[in-house]
Amino acid sequence: MDVVQALASATQLVSAMVSAVGALEQAAADAHEAPRRLQVLENFVSDLEVLVQQARQKHAHKMHGPQLERQFQSLTGLMDQLHVNITKARRALKKGKGKGLARVVWSSVVGDPLMKYIQLIRDDLNWWLELQKLTQSVSNVIASTAKGTPSLVRVKSENGYPVSEKCDYVREILERDAGHRVVLIVGLSGIGKSCLARQIASAPPGNFVDGAIELSFGRWCSRAACNGSRSEFHRRLVRKICKFLVQIGSMTVNEDISKDLEDVCCLLQTALVGRSMLILLDDVWEQDIVDRFTRLYDNDCRYLVTARDEAVYEIAEAEKVEISKEDIKKISKGILLYHSLLSVEELPHVADVLLDRCGHHPLTVAVLGKALRKETKVDKWEKAISNLSTYATCAPAISWEEPIPEACLESIWSALVQDSLFPIVVSKLVEGSLIIKLEDQSMYHMHDMVSLYLENKQNDAVHTLLTDSFPEYAALVAPWLFIFGKDSAKVPAEQKIRSFFSLLEFMEIEILLASTTQALMACKSISEFESGRLGFSKMLGPRIAELISVGSATLIVAVAKAITVVFFQGDYANLSQSLETAGSVDKLICVLSGHEDSSTVANVSAVLAKVSEHVSATIADEILASIPMDRMAELLSPENEEWHEIVFTTLASLIKVGKLKAVESMIEAGIDKKLLILLGRGSEISQHHAIITLKTFCELGAPLQECMGPGLLIHLPWQARLSLERFVLTNQNVVPSLKPQYFEVLLHRILQSDSKEIIEAIQGLLPLAERANDPRVQGLLLGSNLSDRLSCLLECREVGNNQVRSQTAFLVMKLACTGGEPYVRRFLELNIVHELIAMMQCTTDELQDSAYHALNQIVYAKGGTLVLQRFLQLGTIEKLVNLLDRKCVKTKDLVVQLLVDIAAVGTKPCIERMLTSQVIEKLVALEKIGGCFSGAVSRYIHGLNMCKNIQSAERAVMKQHILRKVRSAARGDNLEASLVASVEACISEGTKGASSSGRRNK
């Protein structure tokens, strides 16, 4: 029994009760018959109660409907009133049981109470029946008005797409009452599936009283686009469904869309109950999407689906409609007439030839029609026909590994000597849907139809660009083809690059190297960058010595710039050997001495400094003497921030090779004073590098006490002061005497059960921890079972042990900070590091803070790389990222800080692991919460900026990858504009974006 039947049965019962009331009225004077009639009426009420209760239980999932709820409430109210009046009638009947004259006298004095209650019961029943009739009448009137009112939700048809026979056929299918709920339109890419579907949905059949609505998905909402990530696919699907709910008025624009997919599907179920809509699901890539809509019940909606993925074709219970080549032949001329703005009479006779050449594809026909707009000359049309293949092949549209960077397309177009037209051409290609620009990104996708067509034209396109074009344009294009082209384009591109190196064409090689750097920096992921970099280094490496030996000064400068991007630490050993053998080092030194511009000085000095690490001591001394330290000092000025990173890298290499001698030459040039200026006025990243460099100076015994005395330290930022004061204010040569017996006493007291005694013992060990790097102290501490006892104390999780655990974490922090790798290694063996991570997740603020600060010092300690390696092995990084989903705000806040620390000191695998674990998406979600999480993404980028274990080129690619993730995760949110702007500022200006909202953790 459905709801309608239940209400109909209730109406019948109430009508029967009206008759029963009439019978009761007639029997009111009969003392024997009246009670029986009253009992019949009471039985009717009981039956009605049972009916209502059964209906409520059966349709409990539909009680959200306000009209249905009101009907049940009215029935409940009626039953309550009937019970009251029947009870009163029964009492009146008992009082009126007197005989003869006594009853007549009683009735004449007070009236007949039974008749009064009978009338009240009749009025209640009639009122309810009239209410149902009125409600039905009003519903019919509203439904009639609504049927003739245009729907607010509409689908716009494609201009210039004629109404075809196939359109009428699909409309007939949708009008059938017993038809399938899903009509699936299939066909080749670009054949007009979406156009046909929109044509139908723009004027839906009359049985869809709630109109039609379009929801487009595209490749973006597919598992392939999410790299197989189920959670990311669900997140994107949630955004699409929420957009649909906003369109139909079931959700507000500002409402939070960070909901679970199943919860959103429940909202969708509720929103569509009782509706009759034609829902166009366009460009579906996953069958799961259609299944989720077809599982919705209690509605009269039908689904019109277009799909290019063959897997979606297997949808069960779907009516499949295929658009064939014969179908598009019937409408292609109409499309051409519309877009060319010509009449049938004005259309040249060669138009049919053009239509045949382009396969009657609606998309291609539309583009050609726009290109030949208002053109009636036959020769122009014949030229278009003859140039059709060339235009389609070379209009920067080779078969690419998508998406394609805009700079790549522009380089290809420049190779066609059409660079001035590029912005116009791109806009026309986008307008014609041949290529699709990704939102907020300078990247493009190509329509599938174009990709399929160009697969057959690949060889012609590559030949045109690499062989038929001028050599300088081929040099411009080849690196882009090598990185972003498919395999069929990569091979000829690599051959062309090698040929340029073999022929020693200086100008072309300069263009090639500059284009290589640009192409690498346009990579959308670090893996893509690494693949391209390795490929180029294999081609460039064997040729560098020869290029430097025989090349011009400008070529040598171009080679040096390319080396800083293409070559990493491990590549310099072979490079240095070849340069030393060929005598090319002298040529680099000569170029360095003859140029004053900052770019040349910075890049050539950086290459020479790296080479000095792998050559003989004699050549290393020559390199050290050739580096213009005064220019290095100038480049360290606060206003030259763009050169700071490469200069600090150069200084680090020179110090590694030259030790104190190199430091003394730097101090003589005033670099130490520039570093102190950076500590006060530089960005946080520059301060970080300056602190590291000054600490290195001190460790090598450089005489800095005069310029870094206590009077100066008090004016420095606090983190710089803490990092440097132990080098300046303490005498590292004075070591207090050790008392092993006292140490044994403290060690024994740690085992006691009294918390106060344990805390006193820990505090007694702190002076030893301050000198944990001293060999004698190290032998004493590591030779004992102190670490085992500290591990046991951390594992005691009773509430009364909180202060002991906090003090234990502090001692662990001191040992790691001062003692370094030996202590960190021992902590890892005893699982102390992971115990601290667990402690960071507890609910006591003091313990959480203690655990974080200990972890912070451990990862920053000299043995921190061991911790990061263990994190990679055990999947700890993924677990830390997942902690960002915890409910505890304190835990999430500390985890954010720890992840920033890992980014600052981590290796490339660590950072890649964090990015693949969706750390950026989770940080964006926290930014939406606000409060202490504001600026979380910028703080993460700030940590990445300070990381010295990745190359500057890798860092740039990573930051662009992060920006794309932020744009995707924040799209549609109120914070989108401000969040993207702050991240862009942080990326472009170093730490300015982070400093505005971030916090310093150390």
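- Taking Asp885 as the reference, Lys922 meet the salt bridge (charged side-chain N to carboxylate O under 4.0 Å, His left out) condition, with sequence neighbours excluded.
- Side-chain contact between Phe217 and Asp282 is absent, with no heavy atoms from C-beta onward closer than 4.5 Å.
- Remark: Arg292 engages Glu262 in a salt bridge, criterion side-chain N to carboxylate O under 4.0 Å.
- Using a 4.5 Å heavy-atom threshold, the side chains of Val966 and Glu927 count as separate.
- Looking at heavy atoms from C-beta onward, Phe293 lies out of side-chain contact with Val305 at the 4.5 angstrom threshold.
- Side chains of Ile213 and Leu280 form no contact here, defined as non-hydrogen atoms less than 4.5 Å apart.
- Side chains of Ser216 and Asp283: a donor-acceptor N/O pair is absent below 3.5 angstrom, by distance only.
- Evaluation of the salt bridge (charged side-chain N to carboxylate O under 4.0 Å, His left out) rule for Glu954 yields Lys908 as partners, not counting sequence neighbours.
- Between Ile279 and Phe244, some side-chain heavy-atom pair lies under the 4.5 Å cut-off.
- Residues passing the side chain to side chain donor-acceptor pair (under 3.5 Å) test with Arg275, sequence neighbours excluded: none.
- Within 6.0 Å of NZ on Lys243 lie no more than 12 heavy atoms contributed by other residues, nucleotides or ligands.
- Remark: side-chain polar atoms of Gln518 are not paired, donor with acceptor, to backbone N or O of Ala514 under 3.5 angstrom.
- The environment of Arg230 atom CZ is sparse: at most 12 non-hydrogen atoms of other residues, nucleotides or ligands sit within 6.0 angstrom.
- Not a single salt bridge (charged side-chain N to carboxylate O under 4.0 Å, His left out) links Arg870 to another residue, sequence neighbours left out.
- Residue pairs satisfying the ring-ring contact (aromatic ring centres under 6.0 Å, His included) criterion with at least one member in residues 867-890, sequence neighbours excluded, are listed as follows: His834-Phe871.
- A donor-acceptor pair shorter than 3.5 Å cannot be found between the side chains of Thr907 and Asn949.
- Every residue two or more places apart in sequence or in another chain that forms a salt bridge (charged side-chain N to carboxylate O under 4.0 Å, His left out) with Glu232 is listed here: Arg235, Arg236.
- Shortest non-hydrogen contact noted between Leu678 and Ala690 is CB-CB, 4.3 Å.
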